[in-house]
2 protein chains.
Amino acid sequence: MAESSTHVRPGGRSAKVRAAVHRAVAELLAEEEAETLTLPAVAARAGVHPTTLYRRWGSTAQLLNDVATSRFTDDLVVPDSGSLDGDLQRWLADVATDVADPDTLALMRATIGSGPAGGCACVEDRHRQLGAIIQREQDRGGQALAVETAADFLLGPLYYRAVFTPEPASADWARTLVSTYLATLRTS
Amino acid sequence: MAESSTHVRPGGRSAKVRAAVHRAVAELLAEEEAETLTLPAVAARAGVHPTTLYRRWGSTAQLLNDVATSRFTDDLVVPDSGSLDGDLQRWLADVATDVADPDTLALMRATIGSGPAGGCACVEDRHRQLGAIIQREQDRGGQALAVETAADFLLGPLYYRAVFTPEPASADWARTLVSTYLATLRTS
DNA sequence: AAATTATCGCACTGATCGCTGCGTTAGTGG
DNA sequence: CCACTAACGCAGCGATCAGTGCGATAATTT
């Protein structure tokens with residue numbers, strides 16, 4: 001409603017505040033328990049007045065959602081290795097490395113706990129990237145894979161290990177996972 | 001430290017308070033956002049004085065961990081269907097049904113967000129059950145499977161769907177997952 | 001049955017959170 | 001360069017949270 005009347009102002013200061021707040025959230029989650037992640041605490045760490053946070057984000061849930069969406073959305077274009085196998089190996093290894101970082105993991109946990117939509121914000125972009133890889137294979141003349149099924153078998157175990165087990169998966173493990181998955185496709 | 005001098009007292013009242021508090025946590029998580037899950041709020045819902053919660057649990061993180069451990073630990077013995085396939089199908093379908101419940105999901109999200117050990121508390125017992133099923137197959141003379149790998153392929157996609165996607169998996173989908181997994185084992 | 005002690009309820013205090021007007025600063029368009 | 005307005009800082013106000021002695025209750029032991 002009235003989307004033309006609200007002039008968004010992404011200029012210097014707003015962007016700077018936003019970046020400082022995002023960094024503060026990441027830092028606090030990295031060093032302390034999620035319990036202490038309150039708006040005044042984030043404001044103090046970011047060197048920003050608490051009022052700003054109450055106005056722009058309103059609650060820690062919305063703030064976390066914003067941070068997570070921003071953090072887990074990269075314009076990264078997966079390099080074309082020429083084959084589906086190569087593309088998936090490289091991509092999933094990168095994802096595994098990213099998820100293995102304790103700080104990243106802390107952000108994911110907090111975001112998941114902030115609400116029902118929290119989990120989606122963490123993997124939304126990964127789904128998009130996986131879809132792009134599969135689409136590329138299809139354009140190459142290869143088989144057409146279901147994105148959902150591929151996500152279940154590739155992202156599923158990866159994120160499961162990260163969130164539900166004491167130690168996350170490695171990049172090598174991710175590559176093995178891709179090989180196993182593709183082998184399954186050939187035999188079925 | 002002096003573990004023999006502190007007599008644990010699981011008698012009537014303590015157990016009653018504990019049950020009321022656990023129920024209150026589940027109720028509040030089911031109907032409200034996780035943000036409002038504070039110790040006084042839980043106490044009010046449970047009809048218990050807040051002081052009791054501060055003394056026995058100390059923080060919402062520890063309380064959630066206790067509730068989750070209790071909730072996701074059932075002495076349920078998986079019925080012996082005679083085959084690994086049957087055992088797994090039945091068991092994973094039950095797990096899927098359990099995880100598909102919105103209230104259960106809310107408890108899981110909150111527990112994950114409460115700390116690094118939160119996720120483990122949710123699946124610890126599932127791992128134990130899976131191990132028991134695999135051990136039974138081995139005793140039957142069947143193949144010896146790695147529990148970790150089986151968990152990756154079975155629990156992984158299931159919990160991934162539940163936590164990271166808008167709608168969780170169904171029992172039928174879980175059964176299909178078991179079939180696919182066992183087929184993979186035969187061809188490798 | 002009486003003594004013991006773990007556990008809970010009550011009253012109370014400081015600290016902090018969530019939030020709201022109001023003035024000021026700094027990007028944006030003419 | 002100037003007007004305009006979105007965004008931020010400041011001061012301050014309830015409300016609630018986290019935590020602490022102290023007495024009462026009830027489970028356990030002797």
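All heavy atoms count here, side chains included; hydrogens, waters and symmetry mates do not. All chains are named by letter (A, B, ...) in the order of the sequence lines, taking the proteins before the strands, and each is independently numbered beginning at 1.
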Dump every N/O contact between nucleotides 10-13 of chain D and the protein below 3.5 Å, one line per pair.
residue: D/dC10; atom: N4; partner: A/Thr51; partner atom: OG1; Å: 3.1

* Side-chain N or O of B/Tyr54 less than 4.0 angstrom from OP1 or OP2 on D/dA18? -> yes
* Quick one: side-chain hydrogen bond (donor to acceptor under 3.5 Å, both in side chains) partners of B/Asp103, sequence neighbours excluded? -> none
* Could you list all the salt bridge (Lys or Arg N to Asp or Glu O under 4.0 Å) pairs where at least one residue sits in residues 112-125 of chain A, not counting sequence neighbours? => A/Asp125-A/Arg128
* Structure fact -> Quick note, side chain to side chain donor-acceptor pair (under 3.5 Å) partners involving residues 142-159 of chain A, not counting sequence neighbours, are A/Asp152-B/Arg161
* To do: In whole angstrom, give the distance that lies between atom CG of B/Leu39 and atom P of C/dA15.
  => 20 Å
* **A/Gly82 backbone acceptor or donor facing A/Arg140 side chain under 3.5 Å** => yes
* Structure fact -> B/Lys16 NZ to C/dT7 C1', in whole Å, measures 15 Å
* Taking for each residue the nucleotide of DNA chain D bearing the nearest heavy atom, is the 5' side occupied by A/Glu35 or by A/Pro50? -> A/Pro50
* **Pair A/Ser114, B/Arg109: side-chain N/O donor-acceptor within cut-off below 3.5 Å** => no
* **Modelled atom types, side-chain donor and acceptor of A/Thr111 and A/Arg71, under 3.5 Å** => no
* Near DNA chain D, under 4.0 Å by heavy atom, which residues of residues 20-28 of chain B? -> none
* **Qualifying residues under side-chain hydrogen bond (donor to acceptor under 3.5 Å, both in side chains), relative to B/Thr36, sequence neighbours excluded** => B/Glu32
* **Phosphate OP1/OP2 of D/dA18 contacted by B/Thr38 side-chain N/O (<4.0 Å)** => yes
* Structure fact -> Atom CG of A/Leu37 and atom P of C/dT16 are separated, to the nearest Å, by 16 Å
* With distance as the sole criterion, is a donor-acceptor pair present between the side chains of B/Thr60 and A/Glu35 under 3.5 Å? -> yes
* How long is the line joining CG of A/Leu53 and P of C/dC17, in whole Å? -> 12 Å
